[in-house]
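Reading through the structure tokens given below for one structure.
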Amino acid sequence: MEYKIKTIGVLTSGGDAPGMNAAIRAVTRTAIYNGIRVKAIYRGYKGLISGEIKEFNTQDVSGIIQRGGTILKTARCPEFRTTEGRALAYQTIQREEIDALVVIGGDGTFTGARYLAQEYNIPIVGLPGTIDNDLWGTDSTIGYDTAVNTIMDAVDKIRDTASSHERVFFVEVMGRDAGFLALNSAIAAGAEAAIIPERRTAEEQLIEYIGNGFRKSKNSSIVIVAENPEIGGAQGMADKLKELHPEYDVRVSILGHMQRGGSPTAYDRILASRMGVAAINALLEEQRSIMIGIANDEIVYVPFNKAIKDDKDVHQDKVEVLQILSI
Ligand code: ADP
């Protein structure tokens, strides 16, 4: 018997990222273009369990491509981690006659989706929506480019005060397990160093930075630090430097949630639009349990298992670029 998707559900889950709205728009319009109905699910898996659902037409996604955040809201949902919670979610799926799901989020979102797909016979396609860029199999995630640009702009401003006062600034950015934001924004903003989780210990990286003689030719310095509670983040690094070099005027700036917000860059809007179209095409091709990725500017399908589990490493050449250009 031929299986045809008549209705899809779409949700955003986990941490919000700029470009999620562009993705919602593309998914909605591509589905409708193909004669598929769209049920928008609010507040991620929480709304899937409680049935917070509204049918979308093409106008419901008008005027949102330029907006940060997500019009569908997002939430963490501990209940979805249990088989009972997912059973309730599936009841909603059946009641609403949803034949397939598009989930927009990060690795947690895909882990949950994979469980649901294993337990119930439901096709699910994921779109990588996270500023961290920490999913394997895609060169970039939706929101990452915007976040790098936001950090770059902030660091440019910090640079003005750092050089006027001849200070050393430790700027903390998001990315607990991944240094993509820190390394790339450091290159873009011309920072002197980035302290990232992928390379040796933070302390060794700090010692290396000091050893590079950062004060020989410059009167100010900026070090980007990927947030890491174990080393006390940027504050921990600043305390360590003050201990070793009490003569330096050391300051800390934690950028925080501003990194998640703002209007998405052209790159993120285009990426989200292409990925949203690809999600519906993948479902029409009877794909399931995959994430849409981008590799060498081509759309690729990445099984959830690989996207979640395999570690994506930062490019070693970028570590060298930063080192060479900060002398
Ligand atoms: P992200 O998708 O950005 O990584 P989270 O890690 O917060 O964000 O995950 C989003 C949601 O996905 C969680 O609130 C939870 O509902 C679901 N989820 C995460 N991990 C699991 C898991 N191991 N099993 C089932 N559901 C999960």
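It should be emphasised that the depicted structure is a prediction, and the values quoted were computed from it without experimental measurement. Indexing begins at 1, ligand by ligand and atom by atom, following the structure's order.
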message: Going by the rule salt bridge (Lys or Arg N to Asp or Glu O under 4.0 Å), which residues pair with Arg86 if we only count those two or more places apart in sequence or in a different chain?
response: Glu119
- request: Quick one: list whatever passes salt bridge (Lys or Arg N to Asp or Glu O under 4.0 Å) with Lys318, sequence neighbours left out.
  value: none
query: Would you call Lys6 and Asp99 a salt bridge, taking side-chain N to carboxylate O under 4.0 Å as the test?
result: no
message: Any salt bridge linking Asp297 with Arg274? Criterion: basic side-chain nitrogen under 4.0 Å from a carboxylate oxygen.
response: yes
task: Anything under 30° is parallel, anything over 60° is perpendicular, the rest tilted; go ahead and classify Tyr120 against Tyr90.
output: parallel
task: For residues 45-56, pull every pair meeting side chain to side chain donor-acceptor pair (under 3.5 Å), keeping only residues two or more places apart or in separate chains.
output: Arg37-Glu55, Arg43-Glu52, Lys54-Asp60
One line per pair, note the atom names and distance for all nitrogen or oxygen contacts under 3.5 Å between ligand 1 and the protein.
| unit_1 | atom_1 | unit_2 | atom_2 | d |
| --- | --- | --- | --- | --- |
| ligand 1 | 2 (O) | Gly106 | N | 2.9 |
| ligand 1 | 2 (O) | Gly106 | O | 3.4 |
| ligand 1 | 2 (O) | Thr109 | N | 2.9 |
| ligand 1 | 2 (O) | Thr109 | OG1 | 2.5 |
| ligand 1 | 3 (O) | Gly15 | N | 3.2 |
| ligand 1 | 4 (O) | Asp107 | N | 3.4 |
| ligand 1 | 4 (O) | Asp107 | OD1 | 3.0 |
| ligand 1 | 4 (O) | Gly108 | N | 2.9 |
| ligand 1 | 7 (O) | Arg76 | NH1 | 2.5 |
| ligand 1 | 8 (O) | Arg76 | NH1 | 3.2 |
| ligand 1 | 12 (O) | Gly108 | O | 3.3 |
| ligand 1 | 14 (O) | Cys77 | N | 2.7 |
| ligand 1 | 16 (O) | Cys77 | O | 2.7 |
| ligand 1 | 18 (N) | Gly108 | O | 3.2 |
| ligand 1 | 20 (N) | Arg81 | NH1 | 3.4 |

